[in-house]
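This is a predicted model, so every value here is computed, not measured. Below, read A as the first sequence line, B as the second, and so on, with proteins coming before strands; counting in each chain starts at 1.
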Amino acid sequence: METTTAEFEPKIIAFLCNWCTYAGADLAGTSRLKYPANIRAIRLTCTGRIEPMFLLKAFQEGADAVLVSGCHPGDCHYTSGNYHARRRWTVFRKLLEFSGIDPRRVLFSWVSAAEGRKWSELVAEITAQVRALGPFTSFERIVKA
Amino acid sequence: MAMLLARKNLHALLRGAMEKKYRVVGPTRTAGIVLFAELSDPGALCLDELNTQNSIKEFFFPKSETLLTYTLGKKDVAIADDFAPPRTVLIGGRACDARSLVALDRLFGWDYKDKFYFKRREATCVITLACDRFDEACFCTSLGFGPRATEGSDILLVPAEGDAYIVEAVTDKGRALIAELEDVFTEGTPGAEKVAYPEKKFDLAAVKPWLERNFDHPIWKEEFLSCLGCGTCTYQCPMCHCFDIVDEGDIHGGARCKNWDSCQFALFTLHTSGHNPRPAQASRWRQRLRHKFVYYADKFGTEACVGCGRCIRNCPVRLSILDKLVLIGREAAAAPAPPAGAQPRGVTKRWRATTSIFRI
Amino acid sequence: MIEQLRQRARELLGEGKVALVIGHGRGSSPQATFPVFITKADAVDRLVFNPFCRNNLAVYLTRKDIMPKGAVGLVARPEEVRSVAVLVQEQQFDADRVVLIGVACAEPGKEGAACEMLKGRTLKELEAEVAERLKGRDPAQDVAARVKELEAMTPEQRLAFWEKEFSRCIRCYACRQACPMCYCERCIVEKNQPQWIPSSARPLGNYFWNVIRAFHLAGRCIGCGACARACPMGIPLDLLNAKVAREVKESFAYEAGFDHEVPPPMASFRTDDEQEFIK
Amino acid sequence: MARIGVFICWCGENIGRTVDCPKVAAEAGGFPGVVHAVDYKYMCSDPGQGMIKDAIKEKKLTGVVVAACSPRMHEPTFRRACAEAGLNPFLCEMANIREHCSWVHEEKGDATAKAVQLVRVMVEKVKRNEALFPIKVPVTKRALVIGGGIAGIQAALDIANGGQKVVLVEKEPSIGGHMAQLSETFPTLDCSQCILTPRMVEVAAHPNITLHTYAEVESVSGFIGNFDVKIRLKARSVDIKKCTGCGLCAQKCPQKKIPSEFDEGLGMRTAIYTPFAQAVPNKPVIDRAHCTKFLTGKCGVCQKVCPVGAVDYAQEDTFVEEKIGAIVVATGYRLYDFRNGEKDYGIEGYGEYGYGQYKDVIDGLQFERLASASGPTGGAILRPSDGKAPETVVFIKCVGSRDCAKGLSYCSKICCMYIAKHAMLYKHKVHHGTAYVFYMDIRAGGKNYDEFVRRAIEEDGAVYIRGRVSRIYTRGDKLIVAGADTLLGGAAGGRVEIEADMVVLATAMRPQYGIEALAQKLSIGYDEYGFLTEAHPKLRPVETNTAGIFLAGACQGVKDIPEAVGQASGAAAKVLGLFSSDQLEREPIVARVNQSQCVGCFYCEQVCPYHAIEREEKRDKAGNLIARVAKVNAGLCQGCGACVATCRSNSIDLDGFSEEQVFSEIGGLR
């Protein structure tokens, strides 16, 4: 099932909270930490703002994987948005898995504004992981039908 | 002497059609239910059920028809609207199903001729099976035709004694298909027809006048409360033909689709202002009955109902249009239409005694 | 038992405590019962109750077009009791708006299974009684078993499975309309600014619709199975709901419809909720 | 139709080295809706901003995308530039092609392709942006301070001296709090009352301060700048307008054997009483639970003797309502009840220390009263059981604190210092006595703190034993303190037994009783111990997550006096800052409810951390209730969007990060 194609470059769509992970990714930039260019970030206020439909829409637009990332528990700029998000994703990722979306394509992380290095390493790691998984052709089949 | 098709030759007929590059559609069993669907091989044909879950309309008027696709450029929009339906043999429908096509032909062709519908109609040869049984939801005979009616069919197969169907070629298209696949048919003396007729359950002639006279009647407040407002009845109905044209797309482009819509949905008549002229489920049921038996009849000279019973079998709360037609028939008999020019007599005593707490 | 049921309905209507009783009525056969709406004490004989009464009547409690101003009596199986608990929890009406006439059947759907009246009167009592009745019993074992079968597949196989199942979806929304929890004035699928879920009955829109509906029932679905029974195309929607309900139970130790006074799991959290899946 | 301008910044070499900026501009020029796309060396420079302003005017732009650094860096800059050219600033968005692109990718082709997509995303977003306008909220310039201890007093005085009105609410009959009970304060050993009472008097006399003692906050509604606060004035049974504070009533009161709260039960008071001599206001209250008149109906002495007829047995609780712009919570602390345990918190007591059983086992505040010149012994250290001066006193630290097993996990922080002070005071008063201190660690971080502890040990000879006490029991009139000295090895295993005359337990600091209920009234958070939660542990230690509500003192966490005073002044500064203008201006990133489609499940209300969701009733023409729907209070909403994601029917949207915007942004990534 898993194919590694030399030409295949995965598309990873990330939904980031403004206060932690987006800022952490900024720090990775200011620190000139290199990581693969496969990730595309959409900035939102908080992980609490991120809806399940965003993930489905990302797959519709051809994402090979999606990433949701925000503040560590207890650090939410809005106190509790990430706690609500965590519950949402606990259920939704299981539902997606049950509905046939490989959980290795549905990724979550906590990256703080200070964790530029964690961000760059995370992106490198998940890019390699999704590259190994290969293109999400089975979902593309549904999108195009 | 008549043309016969041995029951054992049914598969040969389908195989012949497939070999001639026809798409073959017929009842087939999927996940426990029998549906009209494209058959991958003749063995997939399943004639166990009296009637399929879906009607044949989706092969002429699909649940979602792409009218055109578009791509958004910087300044212009590129549109593609090629349409060429596959040549199709549709087998296994009943007389009620076939009759629905005649009525749909009028609807889709009375003014603007619906290109998509008629191209599919032209490309499809309809082989109908007369019924050898019926169930309590069947009421074709109440609507003035019967299980071996030929309207709408290109070929009618009538089950007969001797494990064979009597083949009636109804149209030139049907005759042409028979000619194309002549090997599977035989000439012979037919056995007795095995056709089962359900009994007549209400007086059709009384329904339309009663509906015309009783826009406001306690029936509407009392009899339809359990309706959930789903689209099962209308979507399984071979005759219901309401659709919604939607542009589905995003920043890159999309498709203009003609999708089934249902008068039973609360949003069906919701105005932009927020006003809804049919605010209650009961008013939507009234519309369904009046559309089928008054408006459609006025416009096209026939009812928009063929008595196939799918809406009755599939209703999640067992709301039966047949029961309601029988009730209306009884009401009409109890309060016959007044002579022309007289004041309407209003509702019957039984209903007048009812003060309803429900509004519609 | 049926006489007790009718007697309570008669009292409620006769004493003017409710303006309407919603129950199950006799169809052409015992299997063919259907919802009935009774406004007069002398019409209570239309009520029946047997193991085949499977419609979830709580669905009517949020229908503005048929709910009278006053209180409503509801013939309530454990499924209705739990549905009402969720609806009250979600502020759809006050608990005193609905007078529950508790009933239960030992084995719903089984010919000749014994039926009885529940003792509780208030929602709180009935919640406790229903919880007690259901303790240690999984009324949907067959569903749970099929969920397990699916879980044993690879994601690709599951996707193919659901693709095939959803391909039959005609978007009649019988699942939604039969569900007491689907009370939105305007469903997400009917929103088109933006149109997250394509409304055409095609694979993508069908996938989005059915998956999102299951998600929207997280922590709310009480597993009555009305959606799957209503589906005219035989799509096993109850599997999705059962899977989600199980995850909610395992992750948040919560089951819907046993306590209308606690916050719903998808609108609350614990700081020590699991997060092993988050990097 | 949208007319979008795209401005690609080279950021000198920072972007230009890895991203082919002219190519990005050329590609952007081909996006639907883009009418202008250029690249430039430094977009944030004056000429760069000038290019944007000119294009807005010349090309009649309806939206601007600046592809440059992070929006967290220069979004305000470019939005301001747009505003200066007459374009609503919220119609400007930034694509981050520096931090998220040129700085982190090396291959020019990849980086350029990514930059093109990031620009596309923002073009699609900005096409759906709407002009937004800052939200203005009027400010009522009157602060409420809850709690009249040192923190509340400091906050009230600072605000009042800043020229703003203050309402100070204290639940006890007098302000002063625990500081009024203390003898001397570490590390300077100045007399607590001497430094406190002048401030109390200042509060009472201040023209900007309205003081309500024997009063509690009943309810709070509203939001920053606009709170409505209802205050319950508990029935004092004394008309304080008439009362002159002569004290005759208390002198004549026949009920004299009530343990004094102020003296921590070591002294007695009457049923009509002022808590202490320097009380502010110096007006008595009747303790109805102990007053003979209230218990039996007979007596009435105080009413008879009152020369001005101020005693009023029929008085009832009354309420005042105040319009308030900001609130400072300064409810302080109490000591851990180790005798009864804190069962509500699932904590057992320390029965093995014999508190309540042995009169001579006392807690820190009781020792303060013994050492205080205004205390029941006039400042002499005498043991409660027989009034003798104790020859040996054992002090035990960390009772309840730092004890995960049966106490509280946190360190109460002040005990190391006050126990050193107690040992010192004891030695100053009982020169021949011995002071033992059982300790776990000595935590004396603070200006002159460690020096103070060293003095207690080295100059005053307090004996510090590192270890825990396992049990206290009596032998004759002595208390036997059995414990371990972990620094002693040997056959005894470090076991020590001290024959003591008195034991002082340094019990843990806890937030006041009822703090949770108050926090709920105020819609502010509290932790598992009941301490109120600050908005950010480092950068916003004075604010709460509810705008307009601030924290001062030990209600937020354990603190000594200078820390409490410092935080109180910080809170006052926040209040004065808030009151410095007549209106608040807030960024208009707020949620909005589509009320025609809201079904009123109120999940939004439950996930909103700011209590910004209100309920609104919809009625028909006849006045019948049709529906209850949600409404966002824009004054409270902070724009997190948790409600939006929770709403199943998508009936809430977030300005600036709307559904349409996100939908199109994702589309831009195809």
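In this structure, A:N38 and D:D110 have side chains that are not in contact, with every pair of non-hydrogen atoms separated by 4.5 Å or more. Under the 4.5 Å side-chain criterion, counting only non-hydrogen atoms from C-beta, D:H100 is in contact with A:D26.
A:R117 CZ: 12 or fewer foreign heavy atoms inside a 6.0 Å radius. No more than 12 heavy atoms of other residues, nucleotides or ligands shown are found within 6.0 angstrom of CD on D:E130. At most 12 non-hydrogen atoms from other residues, nucleotides or ligands lie less than 6.0 angstrom from NZ of D:K574. Counting heavy-atom neighbours within 6.0 Å of D:K23 NZ, excluding the residue itself, gives a total of 12 or less.
Using a 4.5 Å cut-off between heavy atoms, D:T533 does not touch chain A at all. Proximity to chain D involves both the backbone and the side chain of A:I39, based on heavy atoms less than 4.5 angstrom apart. Both the backbone and the side chain of D:Q638 have a heavy atom closer than 4.5 Å to some heavy atom of chain A. With a 4.5 angstrom heavy-atom cutoff, D:Y610 touches chain A only via side-chain atoms. The contact between A:L44 and chain D is made by backbone and side chain atoms together, counting heavy-atom distances below 4.5 Å. Interface remark: D:E659 contributes backbone and side-chain atoms alike to the contact with chain A (heavy atom separation under 4.5 Å). Both the backbone and the side chain of A:A23 come within less than 4.5 Å of a heavy atom in chain D.
A:R49 places a side-chain N or O within donor-acceptor distance of the main-chain N or O of D:F657, the cut-off being under 3.5 Å. A donor-acceptor pair is defined here as one N or O able to donate and one able to accept, closer than 3.5 Å; no such pair exists between the side chain of A:K57 and the backbone of D:V662. With hydrogens and angles disregarded, no donor-acceptor distance shorter than 3.5 Å links the side chain of D:H105 to the backbone of A:K34. Formation of a donor-acceptor pair under 3.5 Å by the D:R72 side chain with backbone atoms of A:N18 is found in this model.
Salt-bridge formation is detected for the pair D:E75/A:R43: a Lys NZ or Arg NE/NH1/NH2 atom is positioned less than 4.0 Å from an Asp or Glu carboxylate oxygen.
For A:C20, the disulfide (SG to SG under 2.5 Å) partners are A:C71, not counting sequence neighbours.
Among D:M73, D:R540, D:Q661, D:K114, the residue making the largest number of heavy-atom pairs under 4.5 Å with chain A is D:K114. Taking D:C640, D:S102, D:A642 one by one and counting their heavy-atom pairs under 4.5 Å with chain A, the maximum is reached by D:C640. Chain D forms the most heavy-atom pairs under 4.5 Å with one residue out of A:Y22, A:F54, A:W119, A:W19, and that residue is A:Y22. Counting heavy-atom pairs closer than 4.5 Å to chain A, the top-ranked of the candidates D:A535, D:G656, D:A645, D:G641 is D:A645. The candidate from A:G62, A:A41, A:A25, A:C46 with the greatest count of non-hydrogen atom pairs under 4.5 Å with chain D is A:A25. Of the residues considered (D:V607, D:T646, D:N650), D:V607 shows the highest number of contacts with chain A, using heavy-atom pairs under 4.5 Å. Taking chain A as the reference chain and counting heavy-atom pairs below 4.5 Å, the highest number among D:A591, D:C643, D:G639 is found for D:G639.
The structure places OG1 of A:T30 at 11.0 Å from CG of D:N14, a figure rounded to the nearest 0.5 Å. Rounding to the nearest 0.5 Å places CD1 of D:I666 at 5.0 Å from CD1 of A:I42. Atom CD of D:E665 is separated from atom CD1 of A:I13 by 11.0 Å, given to the nearest 0.5 angstrom. Here the straight-line distance linking atom CZ of D:F663 with atom CD of A:E61 works out to 7.5 Å at 0.5 Å rounding. Atom SG of residue D:C637 and atom OH of residue A:Y78 lie 9.0 Å apart, to the nearest 0.5 angstrom.
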Check your understanding: Taking it one step at a time, do A:E51 and D:V644 satisfy side-chain contact (heavy atoms from CB on, under 4.5 Å)?
Key -> CA-CA 8 Å; A:E51 297 166 25; D:V644 182; 3.6 Å; yes

